[in-house]
Amino acid sequence: MAQYSRVSGSVGLITLQNPPVNALSAAVRQGIVDTVKRALGDPEVKAVVIRGQNGVFCGGADIKEFGTNMSGPHLVPMIHAIEAANKPVVAAIEGIALGGGLELALGCHYRVAHSKARLGLPEVTLGLLPAAGGTQRLPRLIGVPAALDLITKGRHITAAEALQLGVVDQVTGHGTVDAAVKFALSVAGKPLDARRISTYPCPRTSDLDALFEGVMQKVRQSARGAIAPIACVQAVRAAATLPYLQGMEREKELMATLFTSGQARALQYSFFAQRAVGRWSTPSGARWDTSKPRPVHIAAVIGLGTMGRGIAVALAQAGLSVIAVETQEKQLMEAKQAVSGMLERGAKRRGVAPALDKVSYSHDIKAVADADLVIEAVFEDMALKRTVFRQLSAVCKPGTVLCTNTSGLDVEHLASQTRNPQLVVGMHFFAPAHVMKLLEVVYGPQSSPQAVATAMQLGKKMGKVSVAVGNCRGFVGNRMLKPYLEQAFFLLEEGATPELVDRALEEFGFPMGVFKMSDLSGLDVGWRVRKADGLAEPVGASGQPARIRQGQRYSPLGDLLCEQGRFGQKTGRGWYQYDKSGGQVASSDPWLHSFLEGYRAMHGLVARRIDLQEVLERCLYALINEGFRILEDGIVAGPEDIDIIYVFGYGWPRHRGGPMFYASMVGLERVLERLEHHHKAHPDVPHLQPCSLLRRLVSSGSPPVHRWREVLKKLNSQL
Ligand SMILES: CCCCCC/C=C/CC(=O)SCCNC(=O)CCNC(=O)[C@H](O)C(C)(C)COP(=O)(O)OP(=O)(O)OC[C@H]1O[C@@H](n2cnc3c(N)ncnc32)[C@H](O)[C@@H]1OP(=O)(O)O
């Protein structure tokens with residue numbers, strides 16, 4: 001809706017009303033059309049101001065309407081009518097002007113913004129382009145290079161940057177609407193021809209072809225298969241080379257292709273999934289809206305290795321007082337230097353003062369006595385963690401929430417070491433912890449709703465996307481990673497190379513294939529875990545055959561590489577070779593290929609031709625199958641949790657929505673059929689055996705992913 005009033009005698013004031021972000025729903029668009037008509041038809045009105053209710057100008061088109069039968073007036077003619085008006089129209093921008101919201105403002109003759117407002121055309125992040133004239137007006141207003149930067153990245157800018165670029169005409173630190181009304185009165189009656197952006201020629205840029213070629217190349221590289229950024233470049237090119245109306249036609253054509261694409265559906269799903277994970281619930285009935293978090297002012301970190309340092313930085317940057325504990329004096333000194341450096345670099349990037357005084361350091365665990373919450377980040381060793389939790393339980397004040405940053409060990413077991421197991425949860429950060437957005441908050445059967453709520457809220461404060469998950473080996477992300485890695489190893493045994501497997505996954509959209517990723521994170525990490533699990537014993541030591549362990553097919557390839565000291569990038573050798581220890585550019589390693597040949601020969605394996613499709617099916621469907629098991633086990637509340645974990649923590653391409661969304665796009669029947677096929681070929685691989693939830697979903701008619709929660713509830717109630 002839009003409300004109309006008259007202010008200061010001769011200014012028509014239009015207020016968009018659609019909380020929380022005044023999205024341009026059909027009702028709002030109709031309201032704008034009606035109120036603009038009214039203002040223009042009122043002889044007493046000399047100028048018009050458009051604002052949004054509750055200090056928010058407009059968050060753009062109503063995303064919830066996409067995929068429905070959209071009714072109501074179209075944005076493009078509505079904005080044209082505003083631009084063509086014979087009375088000045090001023091946008092009063094408070095809060096945000098995003099997407100269609102900014103396009104509406106660009107249709108106005110003037111823009112006045114509050115200093116705290118943020119503006120942008122983020123459509124590309126939803127798999128779209130600014131199709132209400134944004135790709136045609138913005139380059140005409142601020143030039144092609146700046147417009148390309150904003151439109152292809154979907155970057156939000158501050159009011160100060162908007163003023164500098166020429167997107168807005170005035171910035172105010174006080175009442176934006178008052179300033180806009182005053183502005184409107186000052187321009188009433190003045191000619192408007194020079195204020196209609198669509199009539200501007202696009203500012204000339206030297207060597208346009210070279211500019212677009214360069215940008216297109218960069219965009220293709222970073223898009224990893226996403227089509228919207230490419231369409232954005234094409235649309236801006238139309239602005240630079242065609243008359244306005246033809247450019248608008250091109251914008252419409254490109255948008256039509258994007259609008260119905262699977263990628264746009266995936267990205268819009270991801271937008272809502274990211275918000276859905278904040279409305280967490282646990283099987284015991286704890287919920288985001290009924291569980292009250294404890295206030296956390298002082299947080300402590302135990303163990304200042306790579307993870308602990310990153311966590312301390314993230315906590316300090318979020319404004320908490322941090323007690324950083326490392327028992328080894330030398331490592332404490334090194335950590336102090338490293339943390340200070342990270343804080344300084346981060347502050348420089350963000351243009352703020354470094355929060356150095358927020359962190360205090362100690363080698364004594366008793367220093368955490370006053371902390372409201374403690375995050376243990378010591379070496380991934382259960383015995384060590386047990387000791388730390390017993391100590392924490394003894395030294396911390398009553399009510400302190402105790403968290404472990406384990407990446408997969410049993411949170412419940414750690415809780416059992418303490419006097420108050422209900423106050424124990426997992427906070428599984430991803431490296432580097434001050435950069436990566438994902439946080440898995442792991443609740444055990446005894447974790448109190450308050451402890452879960454406290455960790456979830458702290459994650460939010462730290463700028464993380466936090467997902468509440470149940471306690472199981474590897475939680476969600478690493479549990480699903482296991483079958484994925486296992487398939488990659490098996491494919492090598494059967495004839496693939498690391499290069500082939502990585503190519504398939506990178507062409508799918510992962511930033512790095514599984515073997516390059518393994519080289520980056522260190523092969524020794526998984527080796528240690530497999531040794532602890534009694535899997536990675538040298539052949540003969542266990543009396544087990546090399547390729548069968550604990551009754552299942554096993555590939556010792558990773559262990560054999562580790563036995564050779566090939567730990568990946570850090571040793572300059574792994575699945576690839578690097579120019580030096582710590583080198584980052586992977587190149588194919590002839591040694592590895594002859595090693596694989598020798599391995600196959602020793603085990604009587606005959607290499608066969610494996611294509612990219614088989615790599616994708618084996619690796620991704622095995623991972624997805626585990627996702628269904630996780631849903632079946634009630635480890636997460638819905639598929640959105642899994643998808644967000646994979647997009648934010650494991651490099652799953654966002655334009656493919658996440659593994660569970662992808663499965664629903666491929667078609668559950670197809671995923672089931674291919675898993676059955678691969679399981680038949682490899683009956684000794686339990687991870688390829690389709691999980692019963694997948695079968696049940698297929699029997700229920702393969703409902704779309706947004707209906708799985710409901711179907712899951714129904715299926716569970718029938719058990
Ligand atoms: C074929 C031709 C069709 C023509 C279509 C014309 C195309 C126009 C292009 C567009 O305008 S696309 C939309 C562009 N806008 C955006 O991408 C903004 C998306 N929103 C955000 O980035 C953030 O929500 C925010 C606005 C910065 C606010 O962030 P904040 O953290 O403060 O709150 P949230 O939790 O994110 O959001 C609160 C609440 O509002 C819902 N919401 C936000 N934006 C929209 C929107 N544009 N449409 C509908 N709903 C929106 C959000 O989902 C939250 O609600 P929920 O119930 O908690 O999910």
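One-based numbering, in listed order, for ligands and for the atoms of each.
- Counting protein heavy atoms under 4.0 angstrom from atom 11 (O) of ligand 1 gives one or more.
- In this structure, the protein non-hydrogen atom closest to atom 37 (O) of ligand 1 is Arg275 NE, 4.1 Å.
- For atom 29 (O) of ligand 1, the nearest protein heavy atom lies 4.0 Å or farther away.
- Close contacts of ligand 1 with Lys64, meaning ligand atoms under 4.0 Å from a residue heavy atom, involve 50 (N).
- A donor-acceptor pair is defined here as one N or O able to donate and one able to accept, closer than 3.5 Å; such a pair exists between the side chain of His114 and the backbone of Lys116.
- Summary of contacts: the protein heavy atom closest to atom 42 (N) of ligand 1 is Val21 CG2, 4.0 Å.
- Cation-pi geometry between Arg224 and Phe510 is not met at under 6.0 angstrom from the ring centre and within 45 degrees of the axis.
- Counting protein heavy atoms under 4.0 angstrom from atom 32 (O) of ligand 1 gives zero.
- The part of Ile96 lying near ligand 1 is the side chain, judged by heavy-atom distances below 4.0 Å.
- Close N/O approach between Gly59 and ligand 1 is found [any backbone or side-chain N/O within under 3.5 Å].
- The heavy atom nearest to atom 57 (O) of ligand 1, considering only Lys460, Met70, Arg279, is found in Arg279.
- Within the cation-pi definition used here (under 6.0 Å to the ring centroid, within 45° of the axis), Arg265 does not qualify as a partner of Tyr269.
- Across Asn18, Leu98, Val76, Ile63, heavy-atom proximity to atom 27 (C) of ligand 1 is greatest for Leu98.
- Aromatic ring centroids of Trp280 and Tyr443 lie 6.0 Å or more apart.
- Using a distance-only test at 3.5 Å, with no hydrogens or angles considered, a donor-acceptor pair links the side chain of Glu440 to the main chain of Val476.
- Tested against Ile82 for a side chain to side chain contact (heavy atoms under 4.5 Å, CB included), the candidates Ile14, Val36, Val48, Val33 yield a single pass: Val36.
- Between Asp289 and Arg287 there is a salt bridge, since a side-chain N of the basic residue sits under 4.0 Å from a carboxylate O of the acidic one.
- If you check which protein heavy atom lies closest to atom 8 (C) of ligand 1, you get Ala61 CB, 3.5 Å.
- When His80, Glu83, Arg137 are each tested for a side-chain hydrogen bond (donor to acceptor under 3.5 Å, both in side chains) with Ser198, only one passes: Glu83.
- Across Pro20, Pro130, Gly127, Ala273, heavy-atom proximity to atom 40 (O) of ligand 1 is greatest for Pro20.
- Residue Arg118 has no N or O atom closer than 3.5 Å to an N or O atom of ligand 1.
- With respect to the salt-bridge test (charged N to carboxylate O, under 4.0 angstrom), the residues Asp34 and Arg38 do not qualify.
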Salt bridge (charged side-chain N to carboxylate O under 4.0 Å, His left out) assessment of Arg29 paired with Glu65: CA-CA 12 Å; Arg29 297 196 304 273; Glu65 276 185 358; 3.1 Å; yes
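- Contact atoms of ligand 1 toward Gly60: 11 (O) (distance under 4.0 Å to a heavy atom of the residue).
- Of all protein heavy atoms, the one lying nearest to atom 5 (C) of ligand 1 is Met255 CE, 4.1 Å.
- Using a 4.0 Å cut-off between charged nitrogen and carboxylate oxygen, Arg707 and Glu710 count as a salt-bridge pair.
- With Lys437 contributing its side chain and Gly463 its backbone, the two residues share a donor-acceptor pair below 3.5 Å.
- Every atom of ligand 1 is numbered from 1 in the order shown, and the set under 4.0 Å from a heavy atom of Asp62 is 48 (N), 49 (C).
- Atom numbering of ligand 1 starts at 1 in the shown order; those under 4.0 Å from a heavy atom of Gly99 are 11 (O), 14 (C).
- Counting atoms of ligand 1 from 1 in the listed order, those under 4.0 Å from a heavy atom of Leu75 are 6 (C).
- At a 4.0 Å heavy-atom cut-off, ligand 1 does not touch Thr125 at all.
- Close approach to Leu126 involves these atoms of ligand 1, each under 4.0 Å from a residue heavy atom: 12 (S), 13 (C), 17 (O).
- Taking any N or O of Leu128, backbone or side chain, none lies under 3.5 Å from an N or O belonging to ligand 1.
- Salt bridge status for Asp169 with Arg195: present, with a side-chain N to carboxylate O gap under 4.0 Å.
- Close contacts of ligand 1 with Gly100, meaning ligand atoms under 4.0 Å from a residue heavy atom, involve 10 (C), 11 (O).
- A salt bridge is absent between Arg118 and Glu94; no separation between the charged side-chain nitrogens and carboxylate oxygens falls under 4.0 Å.
- An N or O contact shorter than 3.5 Å is missing between Ala131 and ligand 1 by distance.
- For atom 53 (O) of ligand 1, the candidate residues are Phe66, Phe259, Phe272; the nearest heavy-atom contact is made by Phe272.
- Contact check for Val177 versus Leu13: side-chain heavy atoms found under the 4.5 Å cut-off.
- Counting only heavy atoms of the protein, atom 21 (C) of ligand 1 lies nearest to Phe271 CE1, 3.9 Å.
- Distance check on atom 35 (O) of ligand 1: some protein heavy atom falls below the 4.0 Å cut-off.
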